[in-house]
Chemist: 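If you scroll down you'll find the structure; I have some questions about it.
Naming convention: chains lettered A, B, ... in sequence-line order (proteins, then strands); numbering from 1 in each chain. The structure displayed is predicted, hence computed values, not measured ones.
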Protein chains: 2
Amino acid sequence: MKQKITIKTIAKELGVSTSTVSKALKDSHEISTETKKKIQAYADFYNYKPNNLALQLRNQKTKVIGVILPKIVHHFFSTVIMGIEEGANEKGYNIMVCFSNESYKKEVETLKVLSNGSVDGLIVSIANETLKNKDFKHFTDLVAEEIPLVLFDRVVDEILCDKVVVDDVGAGYKATRHLLENGRKKIALITTPNHVSVGALRRQGYEKALIESYIKTDEKLIVEIDENQDIKKQIEKVFEEAIDGVFAVNEIYAANSMRIAKEKGLSIPEEISIIGFTDGLISEYSSPSITTIAQHGFTMGKQAVEVLIERIEKDAEIYSPKKIVISSDLKLRESTKPSS
Amino acid sequence: MKQKITIKTIAKELGVSTSTVSKALKDSHEISTETKKKIQAYADFYNYKPNNLALQLRNQKTKVIGVILPKIVHHFFSTVIMGIEEGANEKGYNIMVCFSNESYKKEVETLKVLSNGSVDGLIVSIANETLKNKDFKHFTDLVAEEIPLVLFDRVVDEILCDKVVVDDVGAGYKATRHLLENGRKKIALITTPNHVSVGALRRQGYEKALIESYIKTDEKLIVEIDENQDIKKQIEKVFEEAIDGVFAVNEIYAANSMRIAKEKGLSIPEEISIIGFTDGLISEYSSPSITTIAQHGFTMGKQAVEVLIERIEKDAEIYSPKKIVISSDLKLRESTKPSS
DNA sequence: AAAAGTCACGAAATCGGTTTCGTGTTAACA
DNA sequence: TGTTAACACGAAACCGATTTCGTGACTTTT
């Protein structure tokens with residue numbers, strides 16, 4: 001890279017001190033109009049821009065927010081990023097995005113790198129592996145250091161910090177209830193292993209809705225997907241039961257379910273209703289289009305970043321973690337038209 | 001945030017100088033084993049971590065790569081990010097992701113912020129608005145400052161820097177050729193306005209394939225989508241012609257086309273074949289699944305970051321911009337089963 | 001004419017590290 | 001015993017800004 005022009009260069013070249021240059025560039029009244037003109041013209045001509053690093057070091061703030069996501073090729077998470085970015089920008093912050101790829105080790109490392117002064121605060125959704133391990137020391141350390149932290153979507157109680165989540169229990173309930181109201185009786189649940197908090201919560205909602213309708217939950221109708229194996233094969237098993245409804249905790253599971261139903265010759269939504277989670281493109285463009293729980297990822301991201309920035313900018317105050325619950329709602333589409 | 005422990009703190013507390021602490025922590029031979037032990041133990045106990053900003057300022061490098069994308073809620077771009085991130089990580093870099101949201105103004109601002117020392121280099125895909133304006137001064141300025149820059153996917157000749165692109169002409173040709181080989185004669189092209197470079201190039205490929213088959217390109221079969229208006233409505237018009245094939249330059253256009261075809265009662269792929277671009281989830285999960293040109297976004301991202309880092313790390317050398325062309329290939333699916 | 005005030009600018013500290021170049025003490029060597 | 005080398009450490013410069021506190025030269029006031 002070309003040698004950048006600094007205040008020192010300008011000072012030397014114009015035979016003044018660096019303080020004079022600095023003040024002149026901020027149009028300080030301490031400096032004579034003449035000198036200011038000269039300095040500003042010079043700076044302008046050589047396209048002087050103050051070095052960010054120097055400013056950040058001096059001001060002890062970076063105006064950067066670190067974001068760590070489990071993955072990005074995923075409609076929900078990319079929507080959240082948009083929200084974070086918009087919120088951050090409005091307050092003059094930039095975001096630094098990293099990925100844990102669902103790996104505990106990478107999460108720890110990334111957290112370490114980012115928390116060394118590079119960012120003013122962090123927004124994180126916890127990696128699957130970490131949730132399984134239940135090892136949250138890297139997070140609690142962060143909290144102990146009083147680095148502003150906001151968790152979203154995948155959160156745990158062990159970490160004392162601000163959180164933004166969707167009402168997963170409520171959403172699971174709504175989805176299941178909707179199927180029941182359509183007259184469905186044997187509703188399969190395609191979910192994640194229980195250590196993924198959101199999966200467990202959505203399951204609670206599912207069970208609650210069933211109980212209310214005096215239906216016993218049947219373990220044979222519940223599939224916990226292991227993402228390291230063939231997803232479709234795992235879902236196919238539950239189709240051996242005489243199911244008439246499917247509640248999938250994400251788009252991919254829903255799309256797979258639909259495909260299987262079609263292959264089995266089941267007509268949707270006449271013979272079987274399907275409902276998904278995360279209102280992404282697949283749900284919108286598949287045919288029939290899939291009824292889903294809209295998670296409002298954008299809102300989550302924006303809320304998360306707003307809470308974080310508040311925390312960053314007035315941190316003298318006493319810490320009492322907030323938990324923001326975003327209510328999700330049902331987006332009705334073709335896959336669950338009321339059965340007659 | 002809590003006051004972080006610094007070298008100065010340690011030095012004062014242990015009654016040594018900061019230089020001694022610094023050296024001790026790097027296990028320098030200049031320091032006696034005894035002193036080193038003492039210092040290291042203290043640092044360890046208080047969980048000392050060097051301040052990144054200070055290091056970056058001193059070393060004149062940040063080990064951060066700036067990435068500016070037009071949008072993120074898009075399978076192709078999020079795949080590219082994954083590639084960039086993986087490549088960056090392998091070389092010890094982090095990435096700072098920003099979005100232009102297709103806006104010229106935001107692109108200029110973001111570029112300015114990032115190029116002030118916050119990053120060692122930049123990877124950018126140009127915003128639509130900028131392509132339309134044809135105002136690339138913010139980029140050429142960057143090049144003049146010799147800040148390492150790599151453009152990908154949406155690139156322009158006016159900017160002298162490294163580039164990574166897919167063989168768009170070839171891809172458009174392949175796609176069209178495939179339809180022709182399936183016996184299709186009236187092939188619609190659903191593309192972007194011509195100022196989007198990739199759209200124009202894919203169109204070239206389309207036209208080339210048609211010419212080779214002695215088919216005159218028919219302007220009535222070509223739709224340039226204005227994203228500010230209803231996409232489906234715009235595509236519907238071309239369906240008034242008796243088309244038997246559709247080549248869409250992205251997934252969304254392809255999915256919309258398929259939906260329209262279905263609504264018109266056309267069976268796919270018997271009566272009409274559809275082929276898309278970008279191998280995303282919609283294409284995979286729609287039914288019938290959609291044949292697409294796989295863009296290899298991950299590879300693009302990884303290549304881009306590798307070129308960039310090379311540029312960053314040995315920049316003494318003379319500048320001769322590289323252009324890397326990633327070949328794309330056809331992913332055959334149900335929407336273009338050979339017509340009998 | 002002496003005291004006070006204003007103006008325009010510079011020296012130096014600071015942010016948190018690294019690194020070069022001493023320097024005082026002790027040990028080894030001639 | 002005088003010279004030299006090794007050892008263990010500190011002072012200070014540096015990265016690129018900002019900011020406080022002087023200070024010398026004039027100007028104004030009494």
Side-chain angles (χ1 to χ4, degrees), chain A residues 1-40 42-43 46-64 113 115-120 145 147, chain B residues 1-40 42-43 46-64 113 115-120 145 147:
Chain A
M1 214 182 310
K2 210 165 166 178
Q3 190 49 41
K4 281 207 141 200
I5 182 168
T6 70
I7 277 206
K8 210 177 285 184
T9 329
I10 303 183
K12 198 179 294 173
E13 216 60 36
L14 261 46
V16 294
S17 75
T18 59
S19 12
T20 306
V21 176
S22 175
K23 287 170 194 162
L25 292 175
K26 334 202 77 163
D27 220 13
S28 158
H29 63 273
E30 281 187 52
I31 308 296
S32 71
T33 321
E34 225 182 339
T35 314
K36 276 199 282 197
K37 278 242 174 80
K38 194 175 62 177
I39 292 174
Q40 283 165 2
Y42 189 96
Y46 286 103
N47 195 24
Y48 167 79
K49 287 177 289 183
N51 181 307
N52 257 334
L53 291 177
L55 290 178
Q56 292 174 1
L57 178 59
R58 167 142 248 271
N59 300 331
Q60 296 291 74
K61 58 185 164 196
T62 62
K63 288 278 182 177
V64 174
V113 174
S115 66
N116 276 219
S118 302
V119 301
D120 291 344
E145 287 184 60
I147 293 175
Chain B
M1 214 183 306
K2 208 167 170 176
Q3 190 51 40
K4 282 206 139 201
I5 182 167
T6 70
I7 277 206
K8 210 177 284 184
T9 330
I10 303 182
K12 197 179 295 172
E13 217 60 35
L14 261 45
V16 293
S17 76
T18 59
S19 14
T20 305
V21 176
S22 174
K23 287 171 193 163
L25 292 175
K26 335 202 75 163
D27 219 13
S28 158
H29 63 272
E30 283 187 53
I31 308 298
S32 70
T33 322
E34 224 182 340
T35 315
K36 276 198 281 195
K37 279 241 173 79
K38 193 174 62 177
I39 293 174
Q40 284 164 1
Y42 189 97
Y46 286 102
N47 194 25
Y48 166 79
K49 286 177 289 181
N51 181 306
N52 257 335
L53 291 177
L55 291 179
Q56 292 174 2
L57 179 58
R58 168 140 250 269
N59 299 329
Q60 296 290 76
K61 57 185 167 197
T62 62
K63 287 278 180 176
V64 174
V113 174
S115 67
N116 277 221
S118 302
V119 300
D120 290 345
E145 287 184 60
I147 292 174

Chemist: Taking atom CG of B/L55 and atom CD of B/Q60, what is their separation to the nearest 0.5 Å?
Modeler: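 Going from the CG atom of B/L55 to the CD atom of B/Q60 covers 12.0 Å.
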Chemist: Start at the 5' end of DNA chain C and walk down; is the nucleotide closest to A/K36 or to B/K49 reached first?
Modeler: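 Whichever sits nearer the 5' end wins; that is A/K36.
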Chemist: Take atom NZ of A/K12 and atom P of C/dG10, then tell me their distance rounded to the nearest Å.
Modeler: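 One finds 15 Å between P of C/dG10 and NZ of A/K12, rounded.
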Chemist: Just verifying a value: how many Å separate B/E30 CD and B/T20 OG1, rounded to the nearest 0.5 Å?
Modeler: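 Answer rounded to 0.5 Å: 9.0 Å.
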Chemist: Given C/dC9, is OP1 or OP2 found less than 4.0 Å from the side-chain N or O atoms of A/T20?
Modeler: no
Chemist: Could you check how far CG of B/L14 sits from P of D/dA8, rounded to whole Å?
Modeler: 17 Å
Chemist: Are any of B/K8's side-chain N or O atoms less than 4.0 Å away from OP1 or OP2 of C/dC15?
Modeler: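 So the side chain of B/K8 is within the cut-off, an N or O lying under 4.0 Å from OP1 or OP2 of C/dC15.
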Chemist: Among D/dG16, C/dG16, D/dC9, which is the nearest nucleotide to the side chain of B/R58?
Modeler: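 From the listed options, C/dG16 comes nearest.
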Chemist: Is B/T35 near enough to D/dC9 that one of its side-chain N or O atoms lies under 4.0 angstrom from OP1 or OP2?
Modeler: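 Indeed, a polar side-chain atom of B/T35 lies that close.
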Chemist: What's the closest nucleotide to the B/S22 side chain, out of D/dT19, D/dC9, C/dT18?
Modeler: C/dT18
Chemist: From the list C/dG10, C/dA13, D/dA11, which nucleotide is the closest neighbour of the side chain of A/S17?
Modeler: C/dG10
Chemist: Please determine whether any donor N or O and acceptor N or O are separated by less than 3.5 Å between the side chain of A/Q60 and the base of C/dC15.
Modeler: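 For A/Q60, whose side chain was compared with the base of C/dC15, there is no donor-acceptor pair (under 3.5 Å).
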Chemist: Please give, in whole Å, the distance from D/dA17 C1' to B/Q56 CD?
Modeler: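 Between C1' of D/dA17 and CD of B/Q56: 15 Å.
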Chemist: Separation of B/N59 atom CG from D/dG16 atom C1', in whole Å?
Modeler: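 In whole Å, D/dG16 C1' and B/N59 CG are 14 Å from each other.
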Chemist: Out of D/dC9, D/dG16, C/dG17, which nucleotide sits closest to the side chain of B/A54?
Modeler: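 Output: C/dG17.
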Chemist: Side-chain contact test, heavy atoms from C-beta onward, threshold under 4.5 Å: evaluate it for B/T9 versus B/Y46 and give yes or no.
Modeler: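 No, side chains not in contact.
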Chemist: Please work out if A/K23 contacts a base, only the sugar-phosphate, or nothing of the nucleic acid, heavy-atom cut-off 4.0 Å.
Modeler: base
Chemist: Nearest heavy atom decides the nucleotide; on that basis, is A/I7 or A/E30 closer to the 5' end of DNA chain D?
Modeler: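 Of the two residues, A/I7 wins.
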Chemist: Counting the atoms with a prime plus P, OP1 and OP2 as sugar-phosphate, which does B/T6 contact under 4.0 Å by heavy atoms, base, sugar-phosphate, or nothing?
Modeler: sugar-phosphate
Chemist: Remember a base hit wins even if backbone is also touched, and classify B/L57 as base, sugar-phosphate or nothing at under 4.0 Å, heavy atoms.
Modeler: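 Base, at least one base heavy atom under 4.0 Å.
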Chemist: Check the distance between D/dT19's P and A/I31's CD1 and give it to me in whole angstrom.
Modeler: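 Rounded to the whole Å, the gap is 13 Å.
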Chemist: Whole angstroms only, please: what is the CG-P distance between A/L53 and C/dG17?
Modeler: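 Distance, rounded to whole Å: 15 Å.
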Chemist: Looking only at N and O atoms, is any donor in the side chain of A/S19 or the base of C/dA11 less than 3.5 Å from an acceptor on the other one?
Modeler: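 Per atom types, the contact qualifies.
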Chemist: Side chains of A/T35 and A/S32 only: does a donor on one sit below 3.5 Å from an acceptor on the other?
Modeler: yes
Chemist: Give the rounded distance in Å between these two atoms: OH of A/Y46 and C1' of D/dG16.
Modeler: 20 Å
Chemist: Could you tell me whether the side chain of A/I39 reaches within less than 4.5 Å of the side chain of A/Y48, counting heavy atoms only?
Modeler: no
Chemist: To the nearest Å, how far apart are B/N52 CG and C/dG16 C1'?
Modeler: 11 Å
Chemist: Taking OP1 and OP2 of C/dG17, is either one under 4.0 Å from a side-chain nitrogen or oxygen of B/Y48?
Modeler: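 Affirmative; the distance criterion is met.
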Chemist: Please classify the nucleic acid contact of B/S32 as base, sugar-phosphate, or nothing, using heavy-atom distances under 4.0 Å.
Modeler: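 The residue B/S32 makes sugar-phosphate contact but no base contact.
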Chemist: For B/K49, I'd like to know if atom NZ has over 12 heavy atoms of other residues, nucleotides or ligands within 6.0 Å.
Modeler: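 It does: B/K49 NZ has more than 12 such atoms within range.
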